[in-house]
Protein chains: 2
Amino acid sequence: MSKNIATDVEASLRGRISAGEWKPNGRLPPERDLAVEYGVARNTVRRALDALETDGAIKRHVGRGIFLNGGRGEIAEIVLRVTGVSPADLMAVRMIVEPQAASMAATNASRSDLDAIAEAHGLASEASETQLFEQWDAEFHQRIFAATRNELLISLHDILRIIRNRNAWIELKKKTFSENRRLDYCVHHGAILDALRNRSAQGAAAAMRDHMDAIQMTLFGRHQL
Amino acid sequence: MSKNIATDVEASLRGRISAGEWKPNGRLPPERDLAVEYGVARNTVRRALDALETDGAIKRHVGRGIFLNGGRGEIAEIVLRVTGVSPADLMAVRMIVEPQAASMAATNASRSDLDAIAEAHGLASEASETQLFEQWDAEFHQRIFAATRNELLISLHDILRIIRNRNAWIELKKKTFSENRRLDYCVHHGAILDALRNRSAQGAAAAMRDHMDAIQMTLFGRHQL
DNA sequence: GTACCTTGATCCAATCGTGTACCAATTAAA
DNA sequence: TTTAATTGGTACACGATTGGATCAAGGTAC
């Protein structure tokens, strides 16, 4: 697998936990036993358990053992669930969040925020390779969220971006991606940028909605689920 | 081929990266291995990697290896970081997401979904203690998100709920919370439920927006930031 | 020849996994 | 109650891996 044995053990334990091998609030085997089971040093197991503990997945007590955190909606569970969402679900959330973010950016963006967004738009338009275009396309959206000045919203978009990058359905996008579509996207970006510069919240939201519609159309060939 | 071997290696690596040979945040082979693979000296590989590093394409760590600069960070890190955001930021995001979730729930909710939402509404209305009311209040919103049938949206709401539970500014809410407000909230919940039962997407969104407005008013004494 | 690149080699520093030992808290047995 | 066993917490040393830095020698183009 990967280079980090501790990371592998961590992933394995996450899998076994989510698979229900131990009950909520149940007790995991002692560190020493886990070390023997995985055939690694106890320190390595401890590093893996450290990660699980910071996630809130487990709780450790000296002399007692390691216990699953029964509390529902733990972060580890969310991470597992979130990494496997479908493209359709992701697009639905983008349809909700991105226009509103554009609207918020229109009112909150600073002069330098707008310049940064314009820069991303320009570099995406001039990009020679598809790879480069997609990078600046993502950066364009990223900087709009940054302009909202809402930390939570920015982080949520980070999550969306990671999901988009991680899943193999990017291939879907590449297949259906044509030079024509790319030009459309640039036009959309230009319209969004204009609305932001005009401080038109509703205009920015509407332009972003059009853009999202186009992306949805490109990906799925339809506008609504 | 150009006269510069380092440039060739750099171009090759760029190609392999954009081709997706390694995942975002994935690990590249060690410099020594790459040198063997390309049949060049390690110093030459290092020059190529220097260019990639200044571009921000990769990140190098002594003793660990070379890593792709893919995502903005792992999801778990983001979620952990996000638990410290301000109440204002959180409310702004709720203002965006909750009405849209209600709208989506109106079209996607099954009969049992509606029953579950109604149950939470009923138990919240009848709750004797503030503690109990808040539990069923949270459950009401939770079940609306569940009714959207969008896993990502559900997960996002889980994150919002964790933030709400973890932070101390719940105290703020308790201070400004009166029996009067609580009755208002129940009325709002009832209006939302009616709209959901009528399958009125716009009505559910509007009712939820009113509810969010009231919460914002309770927390901050104003409607907008 | 001069300038630049490549190569090969060497050493340093950071990280990781391992192994070992001991401490502290808890539980179970005597 | 006292004692022993179990278990997580901490610390250190060792070897292997890996990137960081430098130097000298050889090759190529101008």
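Here is how names work: the chains are called A, B, and so on, in the same order as the sequence lines, proteins then strands, and each is numbered from 1.
A/A207 meets the side-chain contact (heavy atoms from CB on, under 4.5 Å) test with A/A191, A/I192; sequence neighbours excluded. Residues forming a ring-ring contact (aromatic ring centres under 6.0 Å, His included) with B/H121 (at least two apart in sequence, or on another chain): none. Residues satisfying the side-chain contact (heavy atoms from CB on, under 4.5 Å) criterion with A/A116, sequence neighbours excluded, are A/R143. A/H157 meets the ring-ring contact (aromatic ring centres under 6.0 Å, His included) test with A/F145; sequence neighbours excluded.
Relative orientation of the A/H189 and A/F133 rings is parallel, given thresholds of 30° and 60° on the angle between their planes.
A sub-4.0 Å separation between OP1 or OP2 of D/dG20 and a side-chain N or O of B/R60 is present. In this structure, A/R47 does not reach the C/dC16 phosphate: none of its side-chain N or O atoms is under 4.0 Å from OP1 or OP2. At least one side-chain nitrogen or oxygen of A/T44 sits closer than 4.0 Å to the OP1 or OP2 atom of C/dT18.
Residue whose closest nucleotide on DNA chain C sits further toward the 5' end, between A/V40 and A/R32: A/V40.
When the P atom of D/dT7 is taken as reference, atom CD1 of A/I58 falls 15 Å away, rounded to whole Å. Atom CG of A/D33 is separated from atom P of D/dT6 by 10 Å (rounded to the nearest Å). Taking atom CZ of B/R27 as the reference point, atom C1' of D/dG19 lies 11 Å away to the nearest angstrom. Distance CD (B/E10) to P (C/dT6): 12 Å, rounded to an integer number of Å. Here the P atom of nucleotide D/dT28 and the CG atom of B/N4 are 15 Å apart, to the nearest Å. As a whole-Å value, the separation of A/L28 CG from D/dT7 P is 13 Å. Rounded to whole Å, the distance from OH on B/Y38 to C1' on C/dT6 is 17 Å. The distance between atom CG of B/L34 and atom C1' of D/dG19, rounded to the nearest whole Å, is 12 Å.
No hydrogens or angles considered: nothing links the side chains of B/S112 and B/D115 as a donor-acceptor pair under 3.5 Å. In summary, the side chains of B/Y185 and B/T218 do present a donor paired with an acceptor at a separation below 3.5 Å, with no hydrogens or angles considered. Side-chain contact check for B/D158 and B/S155: no donor-acceptor pair (N or O, by modelled atom type) lies under 3.5 Å.
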Identify each atom pair where a protein N or O and an N or O of nucleotides 10-12 of chain D are less than 3.5 Å apart, giving names and distance.
none

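Looking at heavy atoms from C-beta onward, B/L160 lies in side-chain contact with B/L90 at the 4.5 angstrom threshold.
Ranking C/dT18, C/dT7, D/dG19 by closeness to the B/A41 side chain, first place goes to C/dT7.
Nucleic acid contact for A/L49: none, since no nucleic acid atom lies under 4.0 Å from a heavy atom of the residue.
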Checklist outcome for this item: Contact string for nucleotides 25-30 of chain C, one letter per nucleotide 5' to 3', B = base within protein heavy-atom range under 4.0 Å, S = sugar-phosphate only, - = neither, reads BBS---
